[in-house]
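Data block below; observations after.
The sequence lines fix the lettering, A, B, ..., with proteins before strands; numbering per chain opens at 1. Hydrogens, waters and symmetry mates play no part in the numbers below; they use all other heavy atoms, side chains included.
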There are 2 protein chains.
Amino acid sequence: MTESIESYALDEQVGYLLRLANQRHASIFQSHTLEGLTPTQFAALIRIADLGKCSQNRLGRLAAMDVATIKGVVDRLRQKGFAVVEPDPDDKRRTLISLSPEGEAMVARMKDVGQQITNETLKPLTAAEQRNLVRILRKIS
Amino acid sequence: MTESIESYALDEQVGYLLRLANQRHASIFQSHTLEGLTPTQFAALIRIADLGKCSQNRLGRLAAMDVATIKGVVDRLRQKGFAVVEPDPDDKRRTLISLSPEGEAMVARMKDVGQQITNETLKPLTAAEQRNLVRILRKIS
DNA sequence: ATTCAATTGTTTGTACTATAATAAACAAAG
DNA sequence: CTTTGTTTATTATAGTACAAACAATTGAAT
């Protein structure tokens, strides 16, 4: 035993496993999603629906995306016709984001799909494990 | 009750929580890592150390990265001087990847750091929850 | 042995997410 | 009013990933 750690079991490290779990979820998401919406775009869309019109930065904070990421996400949502952008008349720094009618419709359709995606992702687990996973993930997020 | 789903709790969806958990882990990783190694690069490095010399594709499969990703990762490991690349004399399609002496040294140093990173990521959890999380993640990965 | 189809390995183009650095607008003292 | 600090948004750059294209190998049927 000369080394401080003989073996490092990559397959049991939480970081590695989180990456794998994310990969699997992303793949399931992609197979169900509408119009190529990504998990991140979907999250942003849901937040805009909940918040109503709000600034880009505020949206990013509440959707857990940094300023550069939320900008790209909003750009793509705008390109797809789901989000509308306008300058804030009261604050020239701000860009106000809101949903277009197509965006509203998309949110309504995607909520069902989102539930399916969650169910399929959790399918290998028992009901107790599903609740446990969500509870534990909330503790480390 | 006119809509099929009144509210969709984004903050309880496993996909969203997995993204947050990953963000937190990545941030912890970055604050401890040596020479800017990313979690993905570290995973690849560990796999090369375990496997010894092997083809790029095989490495990618065993590190859970698709062909394009593993190529980029290997390129960066090579740039940093941790990995060595050579053509396979027996199969002209293949590129053989192995660790440089610097790569070996890095793996040895990073195994300790990796353990610290895992510990810090799991810190908000009880010991039972930590075991549970790893067990459940392995089931959905 | 030879040919041709299927498989395997790698690379390139494109898209998405993220960090760091910068610039512009605002707010709150002094 | 001006200085100082904060908030907002953008740009440059890096990393990860999917899809398509291309190259080399294998194997099965002549």
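- OP1 or OP2 of dT10(D) sits under 4.0 Å from a side-chain N or O of Q56(A).
- The pair E35(B)-K80(B) does not meet the salt-bridge criterion, since no charged nitrogen lies less than 4.0 angstrom from a carboxylate oxygen.
- Protein atom CZ of R94(B) is 23 Å distant from nucleotide atom P of dC22(D), rounded to whole Å.
- Of the candidates Q115(A), H25(A), R24(A), H32(A), H32(A) is the only one forming a side-chain hydrogen bond (donor to acceptor under 3.5 Å, both in side chains) with E120(A).
- Of all non-hydrogen atoms in V85(A) and R78(A), the two that sit nearest each other are CG2-CD, 3.4 Å.
- Nearest-nucleotide positions on DNA chain D place G36(B) closer to the 5' end than the other of G36(B) and D90(B).
- Here K71(A) pairs with D75(A) in a salt bridge; the nearest charged N to carboxylate O distance falls below 4.0 Å.
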What does the list of N/O pairs under 3.5 Å between the protein and nucleotides 16-20 of chain D look like, with a distance for each?
residue : atom : partner : partner atom : Å
dT16(D) : OP1  : T38(B)  : OG1          : 2.9
dT16(D) : OP1  : T40(B)  : OG1          : 2.3
dT16(D) : OP2  : R76(B)  : NH1          : 3.1
dA17(D) : OP1  : Q23(A)  : NE2          : 3.2
dC18(D) : OP2  : D66(B)  : OD2          : 3.0

Tabulated below should be each protein N or O lying under 3.5 Å from an N or O of nucleotides 2-6 of chain D; please produce it.
none

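- Whole-Å rounding puts the N57(B) CG to dT7(C) C1' distance at 12 Å.
- Between Y8(A) and F42(B), the distance separating the two ring centers is shorter than 6.0 angstrom.
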Pair K53(A)-I97(A), side-chain contact (heavy atoms from CB on, under 4.5 Å): steps then yes or no: CA-CA 5 Å; K53(A) 191 178 291 186; I97(A) 319 293; over 6 Å; no
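- Contacts of K71(B) with the nucleic acid, taken as non-hydrogen atoms under 4.0 Å apart, include base atoms.
- Rounded to an integer number of Å, the gap from CD1 of I70(A) to P of dA18(C) is 10 Å.
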